[in-house]
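I have placed the structure first, in the form of structure tokens, so that the comments after it can refer back to it.
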Protein chains: 2
Amino acid sequence: MNQETPQLHLENQLCFPLYAASRLMTKMYAPLLKELDVTYPQYLVLLVLWQNGEQTVNAIGSCLLLESNTLTPLLKRLEQKELLVRSRAQHDERVVLVKLTPSGQALKEKAVSIPQQIANLFSDVDLKEEDYATFEKTLAQLVLVLKERSQEV
Amino acid sequence: MNQETPQLHLENQLCFPLYAASRLMTKMYAPLLKELDVTYPQYLVLLVLWQNGEQTVNAIGSCLLLESNTLTPLLKRLEQKELLVRSRAQHDERVVLVKLTPSGQALKEKAVSIPQQIANLFSDVDLKEEDYATFEKTLAQLVLVLKERSQEV
DNA sequence: TAATTTTAAATCGCACACGATTTAATCGTA
DNA sequence: TACGATTAAATCGTGTGCGATTTAAAATTA
């Protein structure tokens, strides 16, 4: 069809492979997360809580680049599952503290094997160690740059 | 906090940087796409139509890795904006053909500058040409592998 | 040909994302 | 101490994504 504007071809965009990879990767996690009865974004919140313990909605958001408009409903769902509790901070009533329940903490034991299970799904992929290292590093750099850019008002 | 399970640390996941990069990248496009009055997924559909011309819902979906459950409502919105028309194929009434309207075709002229504008936003980023090439190649490989895996039933 | 299976979209329900606004608490300053 | 500005969550509305199901048409097969 249109050969005059290759810059608009799907395969020449950086954005699309990122969008595709992100969604496909999430789908790989789906069957594993089903065992935990959580969604992928809920899993990310749990990762943050397992790693850093009790913290504010904003703190979780700054880890995951999400805001209260997304987090509040998500946290309410995790609260309904009794994986965490939300409470107003005493020293500042604006702040909501999020803390794992014992059952939320315990769920970590079921989650520890997930990274290895995901890695196993890639075990047969022939990818140069070196190229993968470059990939991870460049991706991290990209995220950093994008974060900077998005904060510029 | 928890030093015993580094495999669950956010920074050690591959999935999270992909998720973050995808969302941040979409946000970079937002102000440019606002000029066209389309969303990012709508823009992707237009890219496919500009590139390949009239085609079925399934064909668009296989380019973008989306299915009719996502595409049908999205295409209806683009139809309401009069950027495209949907019609049943005569030879097979199950199939819906999607075709740009003149105004949908014309919108391409406003879109051609977008890739360059995005590139300009990265112009000051110090990234080795070579590393970026490796990055793009590895990302494309990753998407291929993930596509294969997701098709395995 | 008639019954069964397959296929393409559409529909449904739920859970994100996110821009924009609102609410309530705290801060900063005159 | 008032009072406007700032801050943290919550709320609201729209638009995806996607698993699951439904609908209707076409293909296959008994």
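Per chain, numbering begins at 1; letters A, B, ... match sequence-line order.
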Does a side-chain N or O of [X] approach OP1 or OP2 of [N] to a distance below 4.0 Å, or not?
X	N	value
A/Ser68	D/dA9	no
B/Arg86	C/dA10	yes
A/Asn58	D/dA8	yes
B/Lys34	C/dC18	no

Counting side-chain heavy atoms from CB outward, which of C/dA10, D/dG19, D/dA9 is closest to A/Thr56?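 Selected nucleotide (nearest to the side chain): D/dA9.
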Heavy atoms from C-beta onward define the side chain here; which of C/dA9, D/dA25, D/dA20 lies closest to that of B/Val96?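 Looking only at heavy atoms from C-beta outward on B/Val96, the closest nucleotide is C/dA9.
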Mind checking if [X] touches a base, just sugar-phosphate, or nothing, with heavy atoms under 4.0 Å?
X	value
B/Glu67	nothing
B/Arg77	base
A/Leu71	nothing

Under a plain distance cut-off of 3.5 Å, with no hydrogens placed, do B/Glu11 and A/Gln51 share a side-chain donor-acceptor pair?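 Per modelled atom types, A/Gln51 and B/Glu11 side chains form a pair under 3.5 Å.
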Residues A/Glu93, A/Arg88: salt bridge by 4.0 Å N-O rule: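 Salt bridge flag = no for A/Arg88 with A/Glu93.
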SB check B/Asp124 A/Arg149 (cutoff 4.0 Å):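 Yes, this pair counts.
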